[in-house]
Amino acid sequence: MIDPRLLREDPDRVRDGQVKRGLSPEVVDLAVAADERRRSAIVEFERLRSEQKSLGKLIPRAQGDEKTELLARTKTLSAAVKEAETAQAEAEREFRDLLLSIPNVAAPEAPAGGEDDFVVLEEVGTPRDFAVDGFEPKDHVELGRMLGAIDIDRGVKVSGARFYYLTGIGADLELALVNMAMDQARGAGFTTMVPPALVKPRAMEGTGFLGQAADDVYRIEGDDLYLVGTSEVPLAAYHSDEILDATSLPLRYAAFSPCYRKEAGSYGKDTRGIIRVHWFDKVEMFSYTTIEDSYEEHRRLLGWEREFFDKLELAYRVIDVAAGDLGLSAERKFDIEAWVPTQGRYREVTSTSNCTAFQARRLDVRARFEDGVRPVATLNGTLVSIPRAIVAILETHQQADGSVRVPKALQPYLQGREVLEPVAP
RNA sequence: GGAGGUGUCGCCUAGUCCGGUUUAUGGCGCCCGCCUGCUAAGCGGGUUGAGGGUAAUCCCCUCUCGCGGGUUCAAAUCCCGCCACCUCCGCCA
């Protein structure tokens, strides 16, 4: 939720934010009008309520006719108060609904436009040239089959399209990546976490996943619970309804959790392989900090993501995501895209967002500062999303015989193995 | 899943039976000041959060006793529903 004061005092900034995202600024005017209606409803209710209270105080002491008269007056007043209260609640609700529908105001630095309007900030490493090596690269599906690492057929048999099993070295690879990520996070001062993957509507709503994104969310029938699409959700809600000590900031958490996504509307996209799946595991970083520090913290999160992919010896680029592709909560977002050889292009492997106070305001996460209590900033960033990391590793480090070289940093986490050998032709 | 109990301002606690005199009591902790070789003790004051009025950090008002409804002129207090925790029973990886 955006700051209601910003809406009142500088609606043009909010309008600009909408336009930059390619959205209509009309909702801003509706919200401003609703705010005015809401405030006059509050004034009216409080005036009546105040009168009711002061008259009510006279009643216990009053006697006879005076008392009868007072009771008659307060009785009419009572009805008026109830009516004004209902009107106020309705006005509050209308205002809140409008306010909730407005996405975070995009950062001035974020590129304007939609999905394709991102700006490449940097390219790191060189995509491997298989012509030099003299062989045609196999894709991760084929490599996964040869290594006995990925069993897509049985995933489909048991769970349906976009499911898979990680088997043998594939499962080992996941655990290795998770441990490597957790070690790095712990070393950087993060508190490690294993959060619940089922959450109540409040957590989902508060992180902005029940708006336009709701189509992509699994809901548990009959239990009013949702399967999270990222542990950002339980991590953001972790401190909901709390007032944190400002001196404890930044609070940093690194969570390992499964992620579930319907991938609605992605029919025909990435149907082969494990690039786009309904379930995967992920290690996610999450920070609570001040608004002022959030911009630096965002860079730090990106730095830790880069460190991780550097250690995997992968070629990647960093993009500044355009406003229209930020999602509801973020004011700015950087993605890391790793080179996928058989696709001949960069594919998203991590994403880090600065949500400023947008989620904190919805979830009531505040901190006590010297000059008062204010919402904090929340930020999230992927350290490693397992399937896509595996795709990049297998395809990039493959050798002509289908074996895969293990990046040096990962070897200690794979029982010292330097090469993964095929088990099938 | 079943039965019983509990939920008050950071923590503890009074108030709930019998609705109004409660701007929710007191203690601890914390903050400011006074006093004192220092510390401790003592003394005085302050100490939930949200929203609104206003130029305003002064001030005034409204809401907030787990959450949501209801009864009533008036609800921490009475009624209904829900949630959380505790105890016991059942089931279970």
Side-chain angles (χ1 to χ4, degrees), chain A residues 1-11 31-100 194-206 220-226 234 237-249 251 257-258 288 291 357-376:
Chain A
M1 167 160 64
I2 62 165
D3 187 349
R5 230 174 353 218
L6 178 69
L7 183 75
R8 202 180 305 163
E9 288 164 9
D10 194 2
V32 168
D35 187 29
E36 273 159 27
R37 281 197 302 279
R38 159 181 162 268
R39 275 147 63 208
S40 60
I42 288 172
V43 168
E44 176 64 3
F45 163 71
E46 290 187 353
R47 185 181 65 76
L48 290 166
R49 176 67 178 156
S50 184
E51 191 183 344
Q52 181 190 38
K53 282 178 74 168
S54 51
L55 283 184
K57 278 189 186 133
L58 301 176
I59 289 176
R61 272 167 298 186
Q63 296 291 325
D65 287 349
E66 195 194 349
K67 186 156 191 168
T68 317
E69 201 230 331
L70 268 178
L71 283 176
R73 278 173 66 194
T74 46
K75 182 138 193 168
T76 3
L77 197 52
S78 174
V81 167
K82 209 156 272 180
E83 204 172 303
E85 189 175 18
T86 310
Q88 188 207 326
E90 177 64 12
E92 296 268 14
R93 202 186 54 74
E94 280 175 17
F95 174 61
R96 198 181 156 76
D97 284 352
L98 282 164
L99 200 62
L100 284 175
V194 181
L198 278 166
V199 299
K200 297 197 269 190
R202 169 94 194 283
M204 218 62 188
E205 236 249 313
I220 303 298
E221 194 67 38
D223 264 319
D224 219 11
L225 286 172
Y226 295 90
Y238 186 63
H239 286 299
S240 56
D241 297 322
E242 290 181 25
I243 298 176
L244 305 169
D245 179 357
T247 61
S248 71
L249 302 175
L251 286 171
S257 84
Y288 293 86
I291 306 293
F358 189 86
Q359 293 176 333
R361 211 170 271 118
R362 288 171 160 228
L363 290 165
D364 278 315
V365 187
R366 293 163 293 172
R368 193 181 303 279
F369 298 90
E370 301 227 333
D371 58 339
V373 173
R374 290 195 306 275
V376 300

Validate the cation-pi geometry between A:Arg37 and A:Phe95: distance from NZ or CZ to the six-membered ring centre under 6.0 Å, angle to the ring axis within 45°.
no
Is there any protein nitrogen or oxygen under 3.5 Å from a nitrogen or oxygen in nucleotides 54-56 of chain B, and what are the pairs?
none

Closer to the 5' end of RNA chain B via nearest nucleotide, is it A:Glu92 or A:Thr74?
A:Glu92
The nucleotide from B:G49, B:C73, B:G53 with an atom nearest the side chain of A:Val43 is B:G53
Under 4.0 Å, heavy atoms only, any strand: does A:Arg366 hit a base, just the sugar-phosphate, or nothing?
sugar-phosphate
Write down the distance separating the P atoms in B:U6 and B:A75, rounded off to the nearest Å.
24 Å
Selection from B:G49, B:G51, B:C73 that lies nearest to any side-chain heavy atom of A:Arg38:
B:G51
Backbone N or O of A:Arg47 within a donor-acceptor pair of the A:Ser50 side chain at under 3.5 Å?
no
Does A:Ser78 have a side-chain nitrogen or oxygen under 4.0 Å from the phosphate oxygens OP1 or OP2 of B:A74?
yes
Hey, does A:Arg374 reach any base, or is it just sugar-phosphate, or nothing, if we go heavy atoms under 4.0 Å?
nothing
Same-atom distance (C1') from B:G51 to B:G5, integer angstrom
36 Å
Test your reading of the model: is there a side-chain donor-acceptor pair from A:Arg38 to the backbone of A:Ala33, 3.5 Å cut-off?
no
Pairs under 3.5 Å (N/O, protein and nucleotides 62-65 of chain B):
{"from": "B:C63", "atom 1": "OP1", "to": "A:Arg49", "atom 2": "NE", "distance (Å)": "2.3"}
{"from": "B:C63", "atom 1": "OP1", "to": "A:Arg49", "atom 2": "NH2", "distance (Å)": "2.8"}
{"from": "B:C63", "atom 1": "OP2", "to": "A:Lys53", "atom 2": "NZ", "distance (Å)": "2.8"}

If you look at every strand shown and take non-hydrogen atoms under 4.0 Å, does A:Leu55 touch a base, only sugar-phosphate, or nothing?
nothing
Describe the nucleic acid contact of A:Arg5 in one word from base, sugar-phosphate, nothing, applying a heavy-atom distance below 4.0 Å.
nothing
Have A:Arg49 and A:Gln52 got a donor and an acceptor in their side chains that come within less than 3.5 Å?
yes
Just N and O in the side chain of A:Gln52: are any of them under 4.0 Å from OP1 or OP2 of B:C73?
no
Go nucleotide by nucleotide along RNA chain B from the 5' end; which of A:Lys75 and A:Arg8 gets its closest nucleotide reached first?
A:Arg8
